[in-house]
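Report on one structure; see the data block that follows.
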Amino acid sequence: MPWLIPRGLAAALALLLFLSAPARAQEYEALLPGLAGGFAQQAETVERLGLLGDPRAIPLLQAMADARLLRLADGSLAPQQGATPPEGATLIRINNRVRGALRGALGRLQLVSPDPAERSRAAEGILRNRSAADIPLIEAALAREAQPPIRARLELALGGARLASEDVAVRREGIAALGASASPEARGQLLAARAANAELLPDIEAAIAAIDRRLQLRRAAETVFQGLSLGSVLLLAALGLAITFGVMGVINMAHGEFVMLGAYTTVVVQELCRGIPELAPWSLPLAVPAAFLVTAAIGAAMERGLIRHLYGRPLETLLLTFGVGMILQQVVRLAFGAQNREVISPDWMMGTLLLPGGVAVTQNRLWIILFALAVLLACFAAIRLTRFGLEMRAVVQNRRIAATMGIRTGRVDAMTFAFGSGLAGLAGVALSQIDNVSPNLGTGYIIDSFMVVVFGGVGSLMGTLIGAFSLGLLNKVLEPYAGVVLAKVAVLVGIMLFIQRRPKGLFALKGRAADQ
Amino acid sequence: MNRRLVLMLCVLALAALPAFNALPADHPLHVPDFLVSVVGKWICYAILALAIDLAWGYAGILSLGHGAFFALGGYAIGMHLMRLIGPRGVYGHPVLPDFMVFLGYTELPWYWLGFDWFAFAFLMALVVPGLLALVVGWLAFRSRITGVYLSIITQAMTYALMLAFFRNDMGFGGNNGFTDFKELLGMPLNTGATRAVLFYASLVTLVLVFWGCAHLTQTKLGRVLTAIRDAESRTRFLGYNVTRHKLFVFVLSAMIAGLAGALYVPQVGIINPSEFSPGNSIEAVVWVAFGGRGTLVGAVLGAFSVNALKTWLTSVAPDLWLIVLGLLFVIVTLLLPKGLIGLLRRRGS
């Protein structure tokens with residue numbers, strides 16, 4: 001958070017601000033002794049300090065409200081430190097009237113406090129207050145406030161305060177200001193103000209309509225983001241399948257378990273890094289290659305040991321890989337326990353990013369979208385630009401000719417399967433950030449990923465990309481209307497109907513390769 | 001002739017179980033209650049295995065969603081059993097089952113009408129799976145979705161149904177499903193006599209289904225199905241309507257699975273959406289593969305042997321069961337492509 005200026009610096013800045021207004025500083029000094037006077041004088045002084053708006057008064061007034069303010073032997077005032085007051089100091093007493101004045105003054109003063117958290121709290125307080133008397137105060141605070149979140153709250157408070165004004169012109173101004181926001185709270189204020197402002201009704205209705213439009217837009221933007229986020233997860237999970245299923249024709253039902261192994265590799269890497277302070281913040285980036293290598297190695301072993309005996313028998317391969325998945329899942333359950341494992345997200349992935357228009361975006365999901373696109377690009381590059389990719393395409397197109405050209409097709413098979421499995425591992429690293437890491441992590445994604453591959457067209461990375469994002473978006477667009485489960489069911493039914501029209505998916509291979 | 005004799009002896013041995021259960025508890029030949037109910041369950045599984053074998057072993061349609069047909073049959077009978085509870089539920093509502101009272105229903109949803117009548121519920125246990133198979137099969141076979149694509153589609157089907165049945169507002173009891181059944185056809189459940197009746201009903205059904213399938217596969221229709229399995233395009237070019245044949249066997253198979261589910265639920269006394277889970281369907285496929293697909297005896301043998309292993313292992317070493325089951329998948333596909341039956345026949349010859 002860039003606006004978190006160190007507290008000392010902020011205090012110095014505030015001090016500088018007040019030095020430039022020496023008259024006010026002097027007035028502050030002159031007012032202080034009044035705090036030690038009689039109750040009536042105390043209350044008046046407190047109110048004037050509140051109006052003056054000098055944040056130096058905050059600790060004193062706070063101490064006074066807590067009955068901790070002392071008049072020291074030299075006549076100056078200071079909050080009590082420690083359990084017993086120092087020699088010669090007397091405690092300043094207050095009554096209920098002073099207490100009331102203190103509450104008001106503190107509320108106002110905190111609006112200009114150097115501490116952003118305190119300012120934010122004060123803004124909330126004044127937002128609830130909604131009194132026309134606060135208008136100049138809020139305006140003054142707004143003129144100084146630099147942080148967008150607090151400014152937004154203050155503007156909302158200013159609109160509410162203006163709405164409470166006696167003056168019709170001011171009220172109209174308030175309505176316009178509230179109408180320019182995109183906040184449900186402003187909408188609530190406007191709705192509440194309808195009864196009392198019969199003459200301004202058209203303005204209010206227009207303002208509410210404007211807010212509704214903006215809110216709708218924001219919701220749409222958020223839905224799109226959620227859809228992209230789900231799509232990126234599906235893309236990651238489906239990319240490996242697109243390689244093993246699409247390119248090799250091997251249906252790998254253990255793919256979900258490879259995703260799960262990737263997530264557990266992340267857990268293990270994190271535990272290993274915990275002991276080394278220099279490495280701890282880098283555990284996630286380190287987990288990326290680790291997960292790729294672990295799952296790729298297991299994939300290669302599985303291809304060489306088991307799957308290669310079953311080429312040309314897809315149904316048997318399906319059963320075999322399902323069995324392997326079952327074993328992997330149970331082994332992990334026995335090794336790590338059935339309960340969820342925690343993966344700590346690094347700081348730079350946490351928190352929410354506020355985009356213009358108030359669209360809230362969770363950072364880890366944003367990173368996963370970027371990661372998914374990066375992995376996709378890497379896949380493209382690996383297939384199009386490397387020697388391995390060339391050999392892989394050659395074997396897919398014509399295994400026997402490729403073999404006569406000197407390509408070791410068995411090795412290429414193993415590497416292709418390892419590559420697809422490694423991609424599943426990468427998906428696991430990403431999923432560990434947003435889902436529970438448990439032995440059945442993969443089962444939740446496997447059917448959806450198959451749908452992506454079938455929908456997008458077998459053997460096409462472009463199809464996988466489009467398929468993943470369109471299914472993700474479709475799911476999230478349907479969810480508000482149909483609920484999570486029915487949306488999923490609707491998407492599944494939709495895919496079944498879709499492949500009626502295009503049995504080979506969106507991006508079908510053409511020509512000779514399509515026959516395989 | 002020899003084979004038929006062995007089969008008949010097996011059936012007789014099974015039929016003897018409830019009779020021995022009826023013996024006094026201290027009798028040396030007494031069979032414990034749990035064994036009767038467990039074997040009764042296996043018989044239902046064997047019927048399901050026959051259904052899968054008919055579609056997969058004979059027509060080459062590997063459905064990974066037969067558990068859905070099984071569960072739908074079970075739900076149909078479950079609805080009947082729920083209606084029979086009547087006012088004896090916890091809430092004592094005269095018409096509505098407990099979960100509906102709990103969820104604030106005021107009247108029975110329309111799709112529950114008629115289920116208070118056993119014949120209707122039994123018919124639905126066949127018709128609903130059949131209709132679902134008809135729709136899914138028609139969509140799939142028409143556009144020539146075959147092989148693994150069909151497997152994935154059927155798996156997605158059972159997955160979608162599982163998600164749907166987990167919802168409370170479907171009107172099927174949400175994730176608790178149906179349980180606390182009281183009686184069926186005037187017989188209180190949970191008595192030895194009812195258990196025996198259900199056991200014999202399942203056994204008779206198994207024998208009938210087996211006999212029917214055996215005949216079907218010997219007819220011309222059955223031969224065409226086998227031809228489709230071995231060379232679909234060639235059969236089509238020879239002028240057979242492949243789509244219609246596949247659709248027929250798929251629907252028939254789904255109805256047999258529904259029948260198995262209908263017999264299963266009164267015996268276990270509960271049905272819930274986890275029966276729809278894709279894992280259940282694929283486990284049933286492994287029974288068939290392990291026993292020997294393409295042979296009806298193999299399917300039944302597979303269902304009995306794998307489930308016997310499961311029952312034994314889950315009581316001895318529950319952690320190991322899934323690993324052993326996974327190994328079964330591997331062994332069957334790599335080492336025993338013809339299953340146990342293939343092994344036995346090789347020994348025999």
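If you're wondering where the values come from, they're calculated on a predicted model, not measured in any experiment. Order of the sequence lines fixes the chain letters, A, B, ..., with proteins taken first and strands second; residue numbering starts at 1 for each chain.
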* To do: With chain A as the partner chain, list the residues of residues 329-339 of chain B whose heavy atoms fall under 4.5 Å from it, by residue number, and write 'none' if nothing qualifies.
  => B:Phe329, B:Val330, B:Thr333, B:Leu334, B:Pro337
* Asked: Which residues, numbered in order, of residues 152-163 of chain B come under 4.5 angstrom of chain A by heavy-atom distance?
  -> B:Ile152, B:Ile153, B:Gln155, B:Ala156, B:Tyr159, B:Ala160, B:Leu163
* Asked: Do you know which of A:Val493, A:Asp448, A:Ile251, A:Thr443 has the most heavy-atom pairs with chain B at a distance under 4.5 angstrom?
  -> A:Ile251
* Which of the residues A:Val489, A:Val491, A:Ile495, A:Leu486 is involved in the greatest number of heavy-atom pairs with chain B at under 4.5 angstrom? -> A:Leu486
* To do: Considering only heavy atoms, give the residues of residues 317-325 of chain A separated from chain B by less than 4.5 Å, sorted numerically, with 'none' for an empty result.
  => A:Leu318, A:Leu319, A:Leu320, A:Phe322, A:Gly323, A:Val324
* To do: Please list, in residue-number order, every residue in residues 304-311 of chain A that has a heavy atom less than 4.5 Å from any heavy atom of chain B; write 'none' if there are none.
  => A:Leu306, A:His309, A:Leu310
Roughly how far, to the nearest 0.5 Å, is [atom2] of [Y] from [atom1] of [X]?
X        : Y        : atom1 : atom2 : result
A:Arg333 : B:Ile323 : CZ    : CD1   : 10.0 Å
B:Leu62  : A:Leu315 : CG    : CG    : 5.0 Å
B:Asp319 : A:Gln330 : CG    : CD    : 6.0 Å

* Heavy-atom proximity to chain A below 4.5 Å, by part of B:Trp56 -> side chain
* Asked: Are more than 12 heavy atoms from other residues, nucleotides or ligands located less than 6.0 Å from atom CZ of B:Arg234?
  -> no
